[in-house]
Novice: 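The structure is given below, and queries will be raised subsequently.
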There are 2 protein chains.
Amino acid sequence: MSTPYTRKSLTPDKIVDKALEIADAQGFEALSMRKLAGALGSTAMSLYNHVANKDALLELMLERVAAEIVTPDISGDWEETMRQRAHSMRAALLRHRWVPPLLISTITMGAASLRNIDATLGCLVTQGFTYAQADWARNALDSHVYGYTLQELNYPVSPEAYQTAAAQYLPMISKADYPFMHEAAVQIVDGTYDGMTQFSFGLELIIDGLKRWRDAP
Amino acid sequence: MSTPYTRKSLTPDKIVDKALEIADAQGFEALSMRKLAGALGSTAMSLYNHVANKDALLELMLERVAAEIVTPDISGDWEETMRQRAHSMRAALLRHRWVPPLLISTITMGAASLRNIDATLGCLVTQGFTYAQADWARNALDSHVYGYTLQELNYPVSPEAYQTAAAQYLPMISKADYPFMHEAAVQIVDGTYDGMTQFSFGLELIIDGLKRWRDAP
DNA sequence: ATGTCAAGTATACAGCGTAAGTCAAAAATA
DNA sequence: TATTTTTGACTTACGCTGTATACTTGACAT
């Protein structure tokens with residue numbers, strides 16, 4: 001009855017595995033059905049026996065990524081729990097750079113996402129937040145994660161290279177047109193400022209504000 | 001005298017105009033070079049006499065959007081200025097829903113973007129922030145704008161329909177699997193919570209935190 | 001009047017997602 | 001065991017995409 005197929009050389013799992021591998025390594029635009037099939041030693045149309053279409057495949061991929069995010073411990077200290085969740089979200093987005101652009105066009109309402117949201121609300125609600133407050137808090141925290149990571153991914157220079165990059169670009173930043181950016185670049189070159197924005201800065205700002213809000217709404 | 005078409009009927013400006021029109025109305029994936037040319041009464045290849053390629057067109061489009069954002073008044077009160085800038089950024093992103101997905105893949109370093117960033121730094125720096133602080137502050141504020149709008153655009157239900165949508169989906173949110181989301185939905189249905197997250201909430205959280213940080217770093 | 005140059009157009013190519021149809025192997029049934 | 005049914009893989013084909021190449025045409029300077 002439930003004897004496993006020996007002929008199934010392709011399975012949804014294997015397909016999603018390879019799709020993630022390709023997207024992570026070569027970017028999302030490099031992921032075509034033909035290429036994916038080729039990497040699996042098969043042909044494009046064979047994939048459609050296991051995956052409805054490319055959008056469905058995408059949703060499976062996003063669900064995998066969602067599963068990588070730490071599920072909040074409902075009884076854990078909310079501040080530390082939210083911190084960990086935010087950092088693991090950022091890590092997942094950086095690991096899979098192709099995800100952020102898709103977060104808009106694709107509504108991800110898979111089990112992993114829902115479970116995570118539920119646990120997040122749960123953690124906050126059991127520690128003094130109302131449901132409305134918990135929803136707002138999660139929204140504000142997630143906004144920071146998404147927005148910060150978006151900017152981080154967009155940034156053309158790697159953190160180690162800020163100083164040399166600033167030195168290189170400095171002559172191109174017209175002091176007349178962009179006086180403040182120019183001065184900022186100068187400060188990065190001379191070491192006054194290392195040029196690194198920090199994920200934790202905004203995160204702690206928000207956590208701190210949430211704490212204050214909960215205690216004195 | 002009038003020939004069937006007058007020379008130079010196409011200009012970069014006209015092309016970008018129409019491209020924005022199509023993308024705003026029908027989404028980004030609906031914008032193809034052939035379709036765009038057709039809407040301009042021309043053919044696809046004609047566009048290439050005025051625009052290097054589709055990516056270059058995109059950059060022009062993004063630059064137009066960037067120009068819609070309020071340029072901070074350097075001598076204005078920083079709190080109010082940042083508030084206005086954030087709101088106008090969000091408005092621009094909502095007006096052009098196709099933008100956010102592209103913010104990652106396309107580095108926008110056009111004049112309008114640079115001018116805005118420069119003015120933002122300037123406003124903060126002239127009011128007591130160091131350059132490093134100003135950079136962090138801008139980054140945190142922009143993170144909120146991008147992240148919040150991203151979630152807002154992704155959300156499948158319009159704000160007016162939250163209550164009816166919650167009532168509709170309630171039976172589908174398993175109380176066993178997602179107890180907290182279930183309760184949240186209940187509270188939206190019974191009116192305890194209107195289900196609306198608010199852009200200003202997170203924004204004020206951050207502004208408040210920045211103020212505190214500047215005064216006691 | 002003629003030559004030059006820029007703008008418009010036609011054709012073509014490689015790639016895409018995927019609908020439709022074919023075929024052979026595995027599973028179910030007899 | 002023999003036969004039927006189901007299913008996964010494959011081939012072909014269609015309409016779409018961005019754009020390279022080559023050709024034509026209109027406008028203007030000499």
Novice: Between C:dA6 and B:H50, is there an OP1 or OP2 to side-chain N/O distance shorter than 4.0 Å?
Specialist: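 So the side-chain polar atoms of B:H50 never come under 4.0 Å of the phosphate oxygens OP1 or OP2 of C:dA6.
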Novice: Round to a whole Å and report the spacing from CG of B:L47 to P of D:dT17.
Specialist: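 Answer to the nearest Å: 13 Å.
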Novice: Ring centres of B:Y193 and B:Y162 under 6.0 Å apart?
Specialist: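 So the answer is no for these two rings.
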Novice: Quick one: what's the B/S/- string for nucleotides 12-21 of chain C, heavy-atom cutoff under 4.0 Å, read 5' to 3'?
Specialist: ----BBBBB-
Novice: Thinking salt bridges, do B:D118 and B:R138 make one under a 4.0 Å N-O criterion?
Specialist: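 So B:D118 does not pair with B:R138 through a salt bridge.
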Novice: So, A:Q198 versus A:S200: side-chain donor-acceptor pair below 3.5 Å or not?
Specialist: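 No, because no side-chain N or O of A:Q198 sits under 3.5 Å from a partner of the opposite role on A:S200.
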Novice: Do the side-chain N or O atoms of A:T43 get closer than 4.0 angstrom to the phosphate oxygens (OP1, OP2) of D:dC10?
Specialist: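 So the side-chain polar atoms of A:T43 do come within 4.0 Å of the phosphate oxygens OP1 or OP2 of D:dC10, strictly under.
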Novice: Can B:R90 be said to sit on top of B:Y148's aromatic six-ring, NZ or CZ under 6.0 Å from centre and within 45° of the ring axis?
Specialist: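 Not satisfied by the 6.0 Å and 45° rule.
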Novice: Should A:S9 be listed as having a side-chain N or O under 4.0 Å from OP1 or OP2 of D:dA9?
Specialist: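 Answer yes for this pair, as a side-chain N or O of A:S9 is under 4.0 Å from OP1 or OP2.
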Novice: Nearest to the side chain of A:N49 - D:dG8, C:dT9, D:dT11?
Specialist: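 The answer is D:dG8.
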Novice: Would one find more than 12 heavy atoms of other residues, nucleotides or ligands at under 6.0 Å from atom CZ of B:R83?
Specialist: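 Yes, because the 6.0 Å sphere around CZ of B:R83 holds more than 12 heavy atoms from other groups.
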Novice: Tell me whether the OP1 or OP2 atom of D:dG8 has a side-chain N or O from A:S46 closer than 4.0 Å.
Specialist: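 Checking D:dG8 against A:S46, no side-chain N or O comes under 4.0 Å of OP1 or OP2.
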Novice: So does B:R115 pair up with A:D177, basic N to acidic O under 4.0 Å?
Specialist: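 Result for this pair is no, no salt bridge flagged.
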